[in-house]
Amino acid sequence: SICLCTFLLKFKWVCDYVLLLDRYTYSIYLLSWFGQYAAKFLLLNAINAHWIVVVIGMFISGMMFPILVSKIIDKIPMLNRNKFIHSVIGY
């Protein structure tokens, strides 16, 4: 794992894009299910999309939903000061 991380950090795009998510990793771990399930319901049950589209949509929504929740909590001062909310969302 350490060798793989060291190898990947040599690439500029990893440092520019992937490391931007470092503060959201635990939130993604905790909250990704909600976004993935919503995307699955919409894409599979409502639209009846192809399974590849469903998997890509679930991946994207599983990444974006926790990041959006964290950014919304940062914007609202009352929620941002509450340590319990930060504990629950892992941020």
Side-chain angles (χ1 to χ4, degrees):
S1 296
I2 293 172
C3 290
L4 178 63
C5 290
T6 305
F7 174 74
L8 288 175
L9 287 175
K10 292 180 183 176
F11 296 104
K12 184 172 175 26
W13 66 270
V14 172
C15 294
D16 290 344
Y17 299 110
V18 177
L19 292 181
L20 293 175
L21 300 175
D22 67 341
R23 63 187 290 192
Y24 303 111
T25 53
Y26 195 57
S27 294
I28 291 170
Y29 171 73
L30 289 176
L31 301 175
S32 65
W33 181 85
F34 298 104
Q36 289 171 350
Y37 190 76
K40 178 186 169 228
F41 180 79
L42 275 168
L43 294 172
L44 192 62
N45 297 343
I47 300 175
N48 199 17
H50 192 267
W51 69 271
I52 293 174
V53 175
V54 174
V55 169
I56 292 170
M58 287 176 66
F59 174 76
I60 292 171
S61 65
M63 295 288 285
M64 296 308 295
F65 179 76
I67 292 172
L68 288 174
V69 168
S70 298
K71 288 188 181 267
I72 288 171
I73 287 178
D74 275 346
K75 298 281 184 194
I76 301 173
M78 184 178 76
L79 297 176
N80 193 13
R81 287 177 281 178
N82 192 337
K83 291 187 186 258
F84 176 73
I85 292 177
H86 283 273
S87 308
V88 169
I89 67 165
Y91 179 67

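Below, all heavy atoms of this structure are taken into account, side chains as well, without hydrogens, waters or symmetry copies.
V53 and W51 are members of different hydrophobic clusters when ILVMFWY side chains are connected at heavy-atom separations under 4.5 Å. Hydrophobic clustering of Ile, Leu, Val, Met, Phe, Trp and Tyr side chains at less than 4.5 Å, counting indirect connections, keeps I47 apart from Y37. Under the 4.5 Å side-chain contact rule for hydrophobic residues, L44 and F41 do not share a cluster. Two different hydrophobic clusters hold F34 and L42 under the rule that ILVMFWY side chains link at heavy-atom gaps under 4.5 Å. Residues L68 and I85 are members of separate hydrophobic clusters, defined by side-chain heavy-atom contacts under 4.5 angstrom among Ile, Leu, Val, Met, Phe, Trp and Tyr.
F84 is linked by a side chain to side chain contact (heavy atoms under 4.5 Å, CB included) to N82, V88, counting only residues two or more places apart in sequence or in another chain. Applying the side chain to side chain contact (heavy atoms under 4.5 Å, CB included) criterion to I72, with sequence neighbours excluded, gives I76. By the side chain to side chain donor-acceptor pair (under 3.5 Å) test, K75 is found to be paired with no residue, residues two or more places apart in sequence or in another chain being considered. For the salt bridge (charged side-chain N to carboxylate O under 4.0 Å, His left out) test, no residue two or more places apart in sequence or in another chain qualifies with K10. For F65, there are no ring-ring contact (aromatic ring centres under 6.0 Å, His included) partners, not counting sequence neighbours. Scored by the side chain to side chain contact (heavy atoms under 4.5 Å, CB included) test, L30 finds Y26 as partners (sequence neighbours excluded).
The CE atom of M64 sits 9.0 Å away from the CD1 atom of I28 when rounded to the nearest 0.5 Å. The line from CD1 of I73 to CZ of R81 is 13.5 Å long, rounded to the nearest 0.5 Å.
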Side-chain atoms of residues 55-63: list all donor-acceptor pairs with protein atoms under 3.5 Å, sequence neighbours left out, distances to 0.1 Å.
unit_1	atom_1	unit_2	atom_2	d
S61	OG	G35	O	2.9
S61	OG	G57	O	2.9
S61	OG	M58	O	3.3

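The nearest pair of heavy atoms linking A49 to V54 is O-CG2, 3.9 Å.
Sorted by first and then second residue, the salt bridge (Lys or Arg N to Asp or Glu O under 4.0 Å) pairs with a member in residues 58-74 read R23-D74; sequence neighbours excluded.
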